[in-house]
Protein chains: 2
Amino acid sequence: MRACDHRRVATLLYDGLGIFEFGIVVEIFGLPRPELEVDWYKFETCSHQRGPLRTTGGVHIEARHGLRTLQQAGTIVISGWKRTREPPPESLLKALRSAHACGARLVSICSGAFVLAATGLLDGKRATTHWRYAEELASRFPKIRVDPGVLYVDEGSILTSAGSAAGIDLCLHIVRCDYGAEIANRVARRLVMPPHRDGGQAQYVQNPVDRRAPGGLAPLLQWAQSHLGQALRVEDLARRAAMSPRTFARRFRQQTGTTPHQWLTHQRLLAAQMRLEKTDDGIDAIAEAVGLQTAAGAGVDCRCRMALDTKKRPRFASDRRNRLSHNCTPACVVGQAVSHVNPVTL
Amino acid sequence: MRACDHRRVATLLYDGLGIFEFGIVVEIFGLPRPELEVDWYKFETCSHQRGPLRTTGGVHIEARHGLRTLQQAGTIVISGWKRTREPPPESLLKALRSAHACGARLVSICSGAFVLAATGLLDGKRATTHWRYAEELASRFPKIRVDPGVLYVDEGSILTSAGSAAGIDLCLHIVRCDYGAEIANRVARRLVMPPHRDGGQAQYVQNPVDRRAPGGLAPLLQWAQSHLGQALRVEDLARRAAMSPRTFARRFRQQTGTTPHQWLTHQRLLAAQMRLEKTDDGIDAIAEAVGLQTAAGAGVDCRCRMALDTKKRPRFASDRRNRLSHNCTPACVVGQAVSHVNPVTL
DNA sequence: GCGCATATTGGCATTTCTGCCTATCGACAT
DNA sequence: ATGTCGATAGGCAGAAATGCCAATATGCGC
């Protein structure tokens, strides 16, 4: 394994490239950043294919380099892969293996994990991918320990990240490793992104992953979601999970990234949003149904009130199609009201 | 003003286009989404310039349409503008004004606000842009009420968003307005982004904006940041801000998006991260210095402990350059530990 | 100036959160 | 078998967060 410069970053272009994921890589590694006053990354686009390549959004782009350059890079980013079932060309795999053998760092975003998986280099290692593909990845590459619940996995020389935006998190993580926290924070700030975000992509998945994980909270959360109308106290939830309140709080944070109460409030607001759109019920009825009016405890106050307070109801809620000044539905307003709540969805 | 279909989305390409911002627009509006089972947006790329256009990342792309198509769209997105000082061509401005007169919605991301500003359509309206450009925008277009503290501004027919990633928030907002919260949430989930995020970009700016806003917390926050070592209680902060604890809590949430205590803890961890990199102090000394060991109150527990606990120190902190199994510096680990804390920076 | 409506503020009670301390359990070496 | 170490669980007290209500300020039309 020869030493190689991780600051030489190459990313793979291919026919059908997702421009968003590519954009992330460019934004983090590919922009000149004189203000940071460090020896910043050198960035190259490479492809195994010649000529203009189609991308999402209906535009075409052309890589400036071929696999040879890719292979010489110290950090290689595979941002997605058009069709997960399509095996990557052997020439590409060879280049990746060779680069890795020389000490290069392999990075994948979203379905790019399938390319890394195909090299065999992930065997026995942990990895992740977009939650839509997690199952497929795990079943097609059983040797890989797929963790669908995290935003990214750092296995040292191979790093994989979950869907789309999680690529930002991983790229920032890499910057943090290479240049330190301060630089990474500055990059994040310029991106107007939080410097780190976690709790895993589990938050963003529709159905909780790992339903039957030992001590998993998923069943409880599901139960809670369908009983939002009741005045659920954290203590009750803990009892239901057969844990002491303290342990429950700890587990809850581990698995969701928030406190039970914040999560609950957020669920209530989301539910309210949905009902505002899907039903013709009035604000009060909905608030009641999702447990917001009566709710014992805490979590909403002015924020939710701003949108749900019965006093303001006539202003926009007389009809659920009634539009606000800015063409927003009530649900939209609630959405903005929610915004201050910790963004955990599950 | 004729009715026009907001679902016809066009975005402007230009020489020097930021591929990241463009990617956002594509990802939200430009992907086929059969799974949503709605009449999704039609997406077009337009430009006033012919031929391949340079973009960030060193690739070239070509717009499929010209200004005529742009003008006919119902939603026009300007994702950035290469040089804020460069006046947009009159032909473009004309097309935008004309489209707007016909009822089209104008949307800007990042420095794209300068293009909208140049049309004059923003005069008297509220708007925002990337925090780096906010001041310039305000001074060059004094008639615009620039709000540099928010992620986006919805003025009905003109929507502006702050830097880069804030464009995602705005685009999701638009989807929420057009198709409702559920659809928007599904799009967000697929992006692995929170469905809404707020508290404003104020969180991400290095130096708090609006330092002298009436009742602004910025000075207090700055003071707190330089006195993290002390055992600051929320009550103390409130007193220092000359507010009752209750009012303080409310204001704090308004302006930062979190509770005082969460913010404080996050600041402590960030500070610890920095010190781990910049100084040769040991874990204990640093923890002490940023108020984590001694800290009265709450906020860290197992999360921070995971990285800072003196018991585990020998494992990775004997030398600050000492690497973990995954090539991470201690600061990096702390970063991951921080992750469960609400991502507010300020 | 007056009355009404709305927004802001402060205090209080309740719930929730969290650091810390102790107890328990299992692995492992002696 | 015994003791030590580490990890996890539970309990507790103090701090923090929040809904709610009452009081006060602010604004507005008359």
Grab the [atom1]-[atom2] distance between [X] and [N] for me, whole Å please.
X	N	atom1	atom2	value
A:Asp236	C:dT15	CG	P	11 Å
B:Phe248	D:dA15	CZ	C1'	14 Å
A:Phe252	C:dT18	CZ	C1'	16 Å
A:Arg239	C:dT16	CZ	C1'	15 Å
A:His261	D:dT18	NE2	P	8 Å
B:Trp263	C:dT18	CH2	P	17 Å
A:Glu235	C:dT15	CD	C1'	10 Å
B:Leu264	D:dA15	CG	P	15 Å

**OP:** With heavy atoms under 4.0 Å as the rule, sort A:Pro245 into base, sugar-phosphate or nothing.
**Re:** nothing
Original post:
Does OP1 or OP2 of C:dC17 have a side-chain N or O of A:Thr259 closer than 4.0 Å?
Top reply: yes
To the side chain of [X], which of [options] is closest?
X	options	value
B:Arg250	D:dA9, C:dT16, D:dC20	D:dC20
A:Arg246	C:dG10, C:dC20, D:dA17	C:dC20
A:Pro260	D:dG11, C:dC17, D:dA16	C:dC17
B:Thr247	C:dT16, D:dT18, C:dT9	C:dT9
A:Arg233	C:dT15, D:dC20, D:dT8	C:dT15

Any side-chain heavy-atom pair of [X] and [Y] under 4.5 Å:
X	Y	result
B:Leu264	B:Leu232	yes
B:Arg251	B:Met243	yes
A:Phe248	A:Val234	yes

**OP:** Start with the C-alpha distance between B:Lys125 and B:Ile144, add both sets of side-chain angles, then the distance that settles side-chain contact (heavy atoms from CB on, under 4.5 Å), and finish with yes or no.
**Re:** CA-CA 6 Å; B:Lys125 295 215 166 75; B:Ile144 303 176; 5.9 Å; no
Original post:
Parallel, tilted or perpendicular: which describes the rings of B:Trp263 and B:Phe252, with under 30° parallel and over 60° perpendicular?
Top reply: perpendicular
